[in-house]
Amino acid sequence: MSMLGIVLGVAFFLAISSLMRGSEADFIQRMIDNAPHITVSDEYRAPPPQPARRAYPDAALTLRGLEPRTETRGIRGYKQKLAAIAELPDLRIAPVLTGQAIITSAGKERGVTMNGVVPRLMLGVSDIEDKMVAGSLAALGANPNGIIIGRKLAEKLFLDMGDNLTLSSPAGLVRTLKIVGLFDTGTTSIDEGQAYVLLKRAQVLLGRPDRANRLILQLDDPYQARVVAAVIEARVGYRAQSWQEASENILSVLFVRNIIMYTVVSAILVVASFGIFNVISTVVMEKRRDIAILKSMGFQARDVRRIFLAQGLVIGALGSLVGTLAGLGLMTVLASIEIRPPGMSQSVNLPIYWGLDQVLIAAGFALLSATAAAYLPARKAGGVHPVEILRGGMA
Amino acid sequence: MSEVLRAEGVTRVLPGATPVTLVRDVNLSIHRGEFVSIQGPSGSGKSSLLYLLGLLDAPSSGRIWLDGVDTSGLDDNGLAITRLAKLGFVFQFHFLLVEFSVLDNVVLPMARRARLAPAAQRERAEQLLVDLGLGDQLHKRPDQLSGGQRQRVAIARALANEPLVILADEPTGNLDSAASAKVREILSGIAHGGERAVVAVTHDPEFARAGDRVIRIVDGRVESDG
């Protein structure tokens, strides 16, 4: 029974750990795949001081008749900045001008986020090409009046490949564009809410000539994003946000979730170790006569202790082995389960982490708790005084 | 004959609200080749004295010398090592490990001492069991043997590490007369081989008569020795 506790503890530890870490890895991978590793946006982390502040740093000034200069929003000189960043190794970069627009067709209207892109560069920083179910980014590059939208949005507007639609911008400009591509990411908010046009077309429609409001980057090693972002920010001045910074809250939630998970599953093993404690305590009670015989023969207290510690270790090792096999079985079953998360249009398998490290953690903790549970009864066994037992005698 | 075991003013008092004195001021000396019986009424302290002589219990005062060494200076580990190398025990109840075979029970003390290679340990154990008439019982479990056979296995185990002294506590107390005679004969033979001494607590007058010397204990004291 005590071994069954360890078996179940290790098995559930592995099942829960693999599920939690699998979902975490899957979530992070989705973040890495679907979002830029670094986004340079048209804002400053610390805005530069105004000219008056620079001229009179310690004075209190009143300036009259001032009018703020009307400035086109976006990254100024984005082409130079893009070129400067592109000199850094192991990264790909593309400019994007994003703004709101309304698509009209067959009397229906839908608000979308319009992304002005350079298709050639976009191929290096986005997996949108992989999500295309019709057409391609190259087709957008070849057609200045082309647009790529999500398949779900097309269905809602009764549109298909090659159809025309009307796009209205906040600046009041209206253009007729031809659908040159349809994508399906499986995420409803993207499939119904995003559209891609050429950067130059977006600049015209949004009234922001020669501007991009984001430079998006993908790195060969996504986990270097924080370091590279700091380098870029120092080089271009605009705020460069890594995916880790953008997801700090979520990552900290995942961290807390992992702590809770490991605490709960470890508790199972701790409870199981109490079973081992009870079993070995009982064995020590039952074997007091044998312990007395061994000690009268000349076995030392530590020899006797080792016997019972070894028993705990064997229970822990066998429990870990069988529990690992059972856990791998559970993980296989979990990996075969298909679910459809809210907001997703496609079913996915439960993400399972298959790393060896969690097996080592589970087995190591089980061995440790089994040995610790055996220690107290083993110590008691080592302290048995043979004369007390031999005086009692028994057949 | 050289002295192997000596008690000097040995007293054992069980502490407590009312201290109980088990053994009082015992002085005795045991020599190689001696077959010594300890006799006395129930509760007189015979077994307590045997446990003290066997280093299983520590005297409250006095000293026990074994093979010329004062054992009062030894810690628990030192006493255990001394028991392993120089003493052998036979109890009224065989006290064999029932999960082990007869052969393994005899091998066990040798395995702990690790003076011989494992193959040599098994060879010696087999020889001891053959010498004691148990050659056909080697691989049986103790509970498959008769009382007399079990006690002979216990004697083989006591002899495994070639001890200087065999201490026996009522070795025939649970046996019929034929088995008792056999055990008595074996222990006597061991003592009279000249290499070791046998000290046995017994109620059995036949057993006591077979001894070279009878020490009589009354109320924890040596009443007579001779």
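Each chain gets a letter, A, B and so on, in the order the sequences are listed, and its residues count up from 1.
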* To do: Inspect the surroundings of CD in Q144(B) and state if more than 12 heavy atoms from other residues, nucleotides or ligands are less than 6.0 Å away.
  => yes
* Other residues, nucleotides, ligands: >12 heavy atoms within 6.0 Å of R113(B) CZ -> yes
* Inspect the surroundings of CZ in F35(B) and state if more than 12 heavy atoms from other residues, nucleotides or ligands are less than 6.0 Å away. => yes
* Asked: Stepwise, does the side chain to side chain contact (heavy atoms under 4.5 Å, CB included) test hold for R289(A) with V98(B)?
  -> CA-CA 11 Å; R289(A) 193 199 71 156; V98(B) 292; 4.2 Å; yes
* To do: Working to the nearest 0.5 Å, report the span between OG of S296(A) and CG of L167(B).
  => 10.5 Å
* Distance, nearest 0.5 Å, that separates CZ of F89(B) from CD1 of I293(A) -> 12.5 Å
* Keeping the roles fixed (side chain from R83(B), backbone from K295(A)), state whether a donor-acceptor pair exists under 3.5 Å. => yes
* Could you tell me which portion of L108(B) (side chain, backbone, both or neither) has an atom closer than 4.5 angstrom to a non-hydrogen atom of chain A? => both
* To do: Calculate, to the nearest 0.5 Å, the distance between atoms NE2 and CG belonging to H385(A) and D57(B) respectively.
  => 5.0 Å
* **Residue part contacting chain A, namely of T82(B), when any heavy atom lies under 4.5 Å** => neither
* Which atoms of D76(B) approach chain A - backbone, side chain, both or neither, heavy atom under 4.5 Å -> neither
* Look up atom CE in M297(A) and atom CZ in R157(B), then write down how far apart they are to the nearest 0.5 Å. => 4.0 Å
